[in-house]
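These notes are about the structure you will find just below.
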Amino acid sequence: MSSVIEKKENNIVTIKIEIPSEEFEKALNQAYIKNRGKFNIPGFRKGKAPRKIIEINYGKGIFIEEAVNSIFPSKYSEAIEKHNLEPVDRPVLIDENFGEDSNPEFTIEVTVKPEVKLGEYKGVEVEKIEYSIEDDAVENELKNIQDANSRLVEVEDRAVEEGDILTIDYKGFVGEEQFEGGTAENQELEIGSGSFIPGFEEQLIGKEVGEEVDVELTFPEEYHADELAGKDAKFEVKIHEIKVKESPEIDDELAKDVSEFDTLEELKEDIKNKLTAQKEEEAKIEMEDKVVEKACENAEIDIPEIMIENQIDMNVNDFAHRLSYQGIDIEKYLELSNQTMEDFRSQFAENAKKFVTADLVLEAIGKKEDIKATEEDLNEELLELSKQYGQDIDKLRQNLSEDDMEYLEKTKIKKKTIDFLVDNAKIV
């Protein structure tokens, strides 16, 4: 087999691949053997007709497509390896020649990874990130702990007040018609939370357990269900329970109940330390983002649109996967959020381009600086994964494919390249 690059421009490479006639003839014969049982030829038992007879009856090219499909993938891979190309999309066959007096030829086009012209990436200036943990941050965390350890207590001797948590049944009507999705039983509702349609919660204040209330309101003009937007509606509501949140005191007793500490002061100190560690990690990530952004700004790169579209595909699939854990499919989500898939995908476009750009620039810097992932580096990554999935590291290693290990290696090189940029940045 021989292959030559005919042209290379705008990240699209045209390759002509020539296959020796005898090799293609073998592929044609294999296609004949595989498919001969499908042909009925008068005078021959099914599957016993010679190849020449089948070609006379059905056309000389009857087995060509099957032969091409069997031989093309390996020849394409050989050409890609020979010319040191990195495709980012599937190849497209644009021409083929099966002349009797010449070797079969295929001409293909394929989009490849773009060339990155690096600018300044060592010694880039970034502002120092300052952070501090204020007392109110610790107090807010304590209030969260207090809230998490609160309990609901039923109230029977008074009417509904702001902040109460009710258990209610309701039915929604537009005119005389009960509308879909407007009915629930034993629904919890915190008065003042704003979780229901504006005007709903306020009309329950002052009502009592057992009382049946007609709540009249108008749906917002921008309501997600078009058939209800701007419509007048009535809800028949029955109040079953009124509960209030009873919170523990923020004191030494609470500290003992929720932590290993004996005093509130010790708990506060621990919270402050954890918040400080969190801020330090956030500052580290922000610093990394800044130096990578500077390196990308200084580089020249023409990114093929398909790379951005592929990244958007990954983002959308990841989002859909997370939605599935909530029992919602992507089509239902789009319906509820009143948007098309095209609108939804467009939200990822800017970040997808940034991600692809950063990935390409970091890869180019890693190659230029000869940054490698050592065996020790890979073991660190494997250890981190084993903790994440709660799996023995040796068993995890056995379950990972070559592609998985290659991805792990690239991930580690990327991390080390980012560390290299941070270490060589000028902090001002």
Side-chain angles (χ1 to χ4, degrees), residues 1-39 47 49-116 301-311 313-314 356 359-360 363-364 366-367 400-410 413:
M1 185 204 87
S2 66
S3 62
V4 293
I5 291 180
E6 292 200 319
K7 62 178 178 178
K8 183 176 182 180
E9 56 186 29
N10 299 324
N11 303 309
I12 296 178
V13 176
T14 304
I15 311 171
K16 180 177 282 188
I17 299 173
E18 183 181 316
I19 300 172
S21 295
E22 60 273 17
E23 193 173 347
F24 193 67
E25 180 62 26
K26 285 182 183 178
L28 284 170
N29 206 46
Q30 287 171 354
Y32 156 69
I33 293 169
K34 180 180 176 181
N35 293 283
R36 62 188 173 185
K38 299 176 182 177
F39 301 97
R51 179 179 144 196
K52 292 290 185 185
I53 299 297
I54 295 174
E55 289 176 339
I56 289 170
N57 280 268
Y58 289 90
K60 194 166 184 180
I62 187 66
F63 297 115
I64 284 181
E65 184 177 355
E66 178 81 29
V68 170
N69 289 339
S70 68
I71 203 170
F72 179 77
S74 62
K75 300 307 174 187
Y76 169 69
S77 297
E78 285 179 36
I80 291 302
E81 187 174 345
K82 173 184 175 182
H83 299 291
N84 197 28
L85 301 175
E86 295 185 80
V88 295
D89 197 13
R90 293 179 179 179
V92 177
L93 183 66
I94 61 171
D95 193 22
E96 55 189 14
N97 180 18
F98 299 102
E100 292 187 7
D101 300 326
S102 60
N103 290 329
E105 291 179 346
F106 306 99
T107 303
I108 61 169
E109 279 186 352
V110 63
T111 305
V112 296
K113 193 177 284 188
E115 179 186 354
V116 179
I301 180 171
D302 179 21
I303 301 174
E305 192 62 33
I306 187 63
M307 293 188 75
I308 298 170
E309 288 300 315
N310 288 342
Q311 184 59 43
D313 287 342
M314 291 176 64
V356 173
D359 220 37
L360 291 168
E363 182 183 47
K367 287 179 179 177
L400 293 177
S401 65
E402 280 187 30
D403 287 343
D404 293 329
M405 290 302 295
E406 185 180 343
Y407 175 78
L408 211 62
E409 182 180 8
K410 287 182 177 178
I413 291 172

All salt bridge (charged side-chain N to carboxylate O under 4.0 Å, His left out) counterparts of D359, not counting sequence neighbours: K414
Apply side-chain hydrogen bond (donor to acceptor under 3.5 Å, both in side chains) to S70 and list each qualifying residue two or more places apart in sequence or on a separate chain. none
In short, side-chain hydrogen bond (donor to acceptor under 3.5 Å, both in side chains) pairs touching residues 58-67 with sequence neighbours left out are K34-E66, K60-E100
Could you work out, with salt bridge (charged side-chain N to carboxylate O under 4.0 Å, His left out) as the rule, every residue matching E115, not counting sequence neighbours? none
List for me each residue that meets side chain to side chain contact (heavy atoms under 4.5 Å, CB included) alongside D95, sequence neighbours excluded, and say none if there are none. T107
Residues in salt bridge (charged side-chain N to carboxylate O under 4.0 Å, His left out) with E309, at least two apart? R345
Just to verify, what does F24 make a ring pair (Phe, Tyr, Trp, His ring centres under 6.0 Å) with, not counting sequence neighbours? F98
Taking ring pair (Phe, Tyr, Trp, His ring centres under 6.0 Å) as the test, write out the residues that go with Y407, two or more places apart. none
Excluding sequence neighbours, so at least two apart, what forms salt bridge (charged side-chain N to carboxylate O under 4.0 Å, His left out) with E25? R51
Residues passing the side-chain hydrogen bond (donor to acceptor under 3.5 Å, both in side chains) test with N69, sequence neighbours excluded, are none
For E109, side-chain hydrogen bond (donor to acceptor under 3.5 Å, both in side chains) partners two or more places apart: none
Mind checking side-chain hydrogen bond (donor to acceptor under 3.5 Å, both in side chains) for K38 and listing every partner two or more places apart, or none if nothing turns up? N35
